[in-house]
Amino acid sequence: EINDSTLRAGKAEEIKSFARKHKDRALELNVDFFLVFWSTFYQHQPKEVSLQQLTEQLELTTRENVDFLRARSLRALAEFYWKIEKNYERAFEQYLLLDKELATIPAADYPEMARDLMQIGEAYYFFHDYPQAITYFKKAIALPENTFNTMVINSARNTLGLCYQQENKLDSSDYYFNQVLLTTFPEADVWKRISTGNRGINQYLRKQYNQAIPLLEADFYRAMEENDNGCAAGAAITLADIYREKGEMEKAKTFITHAQYLSLIHISEPTRLRRISYAGF
């Protein structure tokens, strides 16, 4: 939360000095990792500088093998190739290495396991490789849920529902959307709203319009309250189509107007707008 780069560097050095004094190499390297990550994804430094720093970070953590930092470094390098370079082939290379690394780590000792698995799954989801995506999402949701990972786990449950929705396996899709609704962690309440809307999409696909409407409207109005314009637009588009099918043209027009107002009607089809990615895809 320190905006001044000089103050931020000073605080980082203070922590690293403390780490060296107490011979805590893991803490020292973690601070270095966070500095590299911050510079890459938030400071928008030159890409070649970021790539060099991320590569050096990975080489260092591979040599020292401290505190799961190799896994974190692989994930960060994959994110760089994916988000900044748009080099998906190189990103997948890192994700495959990350997958092998995760297989050697006890899940109970690595709190970010669910996030890493989710991120690999989302890469396959992006390219519509739903069977592969499903494999990783199922690994993520098999982990014990807690306050730290509940957002990621419920994102995985929701996107599992979307995978089965895309495969037209709507009963399986409903099952995972309903699993989101059963979570007891309030931190994931936003996913309950999103999954409610996605259950409405399933009813829409079944042409069960009267069952779809209250689910989609609940999603729409809550999304509007939360300024979640993507989900609100997706719900509005689908509701407009339902009311058009039902011959209720004024209601259809109202929801089309909502979608236009949100300036998202031109971005994507409804099923893509149904999805919020915790990992940033």
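Quick caveat: nothing in here was measured; it's all calculated off a predicted structure.
Here the CG atom belonging to Leu215 is positioned 15.0 Å from the OH atom belonging to Tyr204, to the nearest 0.5 angstrom. Rounding to the nearest 0.5 Å gives a distance of 8.5 Å between CG of Leu160 and CE of Met118. From Asp219, atom CG reaches atom CD of Glu217 across 11.0 Å, with rounding to the nearest 0.5 Å. Remark: Asn149 CG to Ile141 CD1 distance equals 12.0 Å, nearest 0.5 Å. Within the model, atoms CZ of Arg115 and OH of Tyr110 stand 8.0 Å from one another, a figure rounded to the nearest 0.5 Å. Rounding to the nearest 0.5 Å gives a distance of 8.5 Å between OH of Tyr130 and CD of Glu167.
Taking every heavy atom of both residues into account, Pro111 and Asp109 meet most closely at CD-O, 3.6 Å. Of all non-hydrogen atoms in Met151 and Trp191, the two that sit nearest each other are O-NE1, 3.3 Å. Nearest heavy atom pair, residue Ala133 against residue Tyr124, reads N-CB, 3.8 Å. Residues Ala259 and Ile237 come closest through the heavy atom pair CB-CG1, 3.9 Å. What you find for Ser195 and Asn158 is that their closest heavy atoms are OG-OD1, 3.1 Å. Between Ala114 and Ala140 the shortest heavy-atom distance is O-CB, 4.0 Å.
Residues satisfying the ring-ring contact (aromatic ring centres under 6.0 Å, His included) criterion with Tyr164, sequence neighbours excluded, are Tyr176. The side-chain hydrogen bond (donor to acceptor under 3.5 Å, both in side chains) search around Arg244 returns Asp241, not counting sequence neighbours. By the side-chain contact (heavy atoms from CB on, under 4.5 Å) test, Leu97 is found to be paired with Leu74, Gln94, residues two or more places apart in sequence or in another chain being considered. By the side-chain contact (heavy atoms from CB on, under 4.5 Å) test, Glu85 is found to be paired with Lys47, Phe80, Tyr81, Asn87, residues two or more places apart in sequence or in another chain being considered. For Glu93, the side-chain hydrogen bond (donor to acceptor under 3.5 Å, both in side chains) partners at least two apart in sequence or on another chain are Arg90.
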Checklist entry - After noting the C-alpha distance and the side-chain angles of Asp32 and Lys16, does the key distance pass the salt bridge (charged side-chain N to carboxylate O under 4.0 Å, His left out) rule? => result CA-CA 8 Å; Asp32 285 335; Lys16 289 171 66 177; 2.7 Å; yes

Item to check | Thr150 vs Ile153, side chain to side chain contact (heavy atoms under 4.5 Å, CB included): CA-CA, chis, key distance, verdict | outcome: CA-CA 5 Å; Thr150 183; Ile153 283 180; 5.7 Å; no

Next on the checklist: Could you go through Glu112 and Arg75, starting from their C-alpha distance and side-chain angles, then the distance that decides it, and tell me whether this counts as salt bridge (charged side-chain N to carboxylate O under 4.0 Å, His left out)?
Outcome noted: CA-CA 11 Å; Glu112 295 176 82; Arg75 185 184 67 218; 2.8 Å; yes

Next on the checklist: With side chain to side chain contact (heavy atoms under 4.5 Å, CB included) as the criterion, how do Glu79 and Gln119 come out once you've worked through the C-alpha distance, each side chain's angles and the decisive distance to 0.1 Å?
Outcome noted: CA-CA 9 Å; Glu79 285 189 64; Gln119 197 157 317; 2.8 Å; yes

Item to check | Stepwise side chain to side chain donor-acceptor pair (under 3.5 Å) test for Thr183 and Glu145 | outcome: CA-CA 9 Å; Thr183 186; Glu145 185 176 357; 2.7 Å; yes

Next on the checklist: Between Lys246 and Asn210, is the side chain to side chain contact (heavy atoms under 4.5 Å, CB included) condition met? List the steps.
Outcome noted: CA-CA 10 Å; Lys246 288 168 66 70; Asn210 291 336; 3.1 Å; yes

Next on the checklist: The test is side chain to side chain donor-acceptor pair (under 3.5 Å); show your working for Asn202 and Ser173 and say whether it passes.
Outcome noted: CA-CA 8 Å; Asn202 282 353; Ser173 179; 3.0 Å; yes

Checklist entry - Under the salt bridge (charged side-chain N to carboxylate O under 4.0 Å, His left out) criterion, do Lys11 and Asp4 qualify, and how do the steps go? => result CA-CA 11 Å; Lys11 175 57 71 174; Asp4 185 283; over 6 Å; no

Next on the checklist: Under the criterion salt bridge (charged side-chain N to carboxylate O under 4.0 Å, His left out), I'd like the reasoning laid out for Arg25 against Glu28: C-alpha separation, chi angles, the key distance, then a yes or no.
Outcome noted: CA-CA 5 Å; Arg25 183 64 169 158; Glu28 183 181 359; 3.3 Å; yes

Checklist entry - Stepwise, does the side chain to side chain contact (heavy atoms under 4.5 Å, CB included) test hold for Ile242 with Phe255? => result CA-CA 10 Å; Ile242 287 173; Phe255 281 104; over 6 Å; no

Run the side-chain donor-acceptor check on residues 99-108: report pairs under 3.5 Å with partners two or more places apart or on a different chain.
| residue | atom | partner | partner atom | Å |
| --- | --- | --- | --- | --- |
| Asp99 | OD2 | Tyr136 | OH | 2.8 |
| Glu101 | OE1 | Arg70 | NE | 3.0 |
| Thr104 | OG1 | Glu101 | O | 2.7 |

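Cluster membership for Leu239 and Met249, using ILVMFWY side-chain heavy atoms within less than 4.5 angstrom, is not shared. Hydrophobic clustering, with ILVMFWY side chains joined whenever heavy atoms are under 4.5 angstrom apart, keeps Phe185 apart from Phe148. Linking ILVMFWY side-chain heavy atoms closer than 4.5 Å, directly or via other members, places Ile84 and Tyr95 in a single hydrophobic cluster. By the rule that hydrophobic residues join a cluster once side-chain heavy atoms approach within less than 4.5 Å of another member, Val66 and Leu54 end up as members of one cluster. Both Leu51 and Tyr88 sit in one connected hydrophobic cluster of ILVMFWY residues. Membership requires side-chain heavy atoms under 4.5 Å apart, directly or through other members.
When side chains are defined from C-beta on, Glu122 counts as touching Ser155, because their heavy atoms get closer than 4.5 Å. Annotation: side chain of Phe177 is in contact with side chain of Leu162 (closest heavy-atom distance under 4.5 Å). Residues Val180 and Arg199 have side chains not in contact (no heavy-atom distance under 4.5 Å, counting atoms from C-beta outward). Contact check for Pro131 versus Asp129: side-chain heavy atoms found under the 4.5 Å cut-off. Taking 4.5 Å as the limit, every side-chain heavy atom of Val49 sits out of range of all side-chain heavy atoms of Thr40.
Of the N and O atoms on the side chains of Asn154 and Lys192, not one donor lies less than 3.5 Å from an acceptor on the other residue. No hydrogens or angles considered: nothing links the side chains of Gln132 and Tyr125 as a donor-acceptor pair under 3.5 Å. Inspection of the Gln52 and Glu56 side chains reveals an N or O donor paired with an N or O acceptor under 3.5 Å. Side-chain contact check for Thr147 and Glu187: no donor-acceptor pair (N or O, by modelled atom type) lies under 3.5 Å.
Using a 4.0 Å cut-off between charged nitrogen and carboxylate oxygen, Glu226 and Arg193 count as a salt-bridge pair. In this structure, Arg72 does not pair ionically with Asp116, as no charged nitrogen and carboxylate oxygen lie closer than 4.0 Å. Arg8 and Glu14 are not joined by a salt bridge, as no carboxylate oxygen comes within less than 4.0 angstrom of a charged side-chain nitrogen.
Between Trp82 and Phe127, the angle of the ring planes goes over 60°, which puts this pair in the perpendicular group of the 30/60° scheme. Between His258 and Phe220, the angle of the ring planes lies from 30° to 60°, which puts this pair in the tilted group. Relative ring orientation between Phe41 and Phe37 is described as tilted, the plane-to-plane angle lying within the 30° to 60° band.
The ring of Tyr42 has its center no closer than 6.0 angstrom to the ring center of His44.
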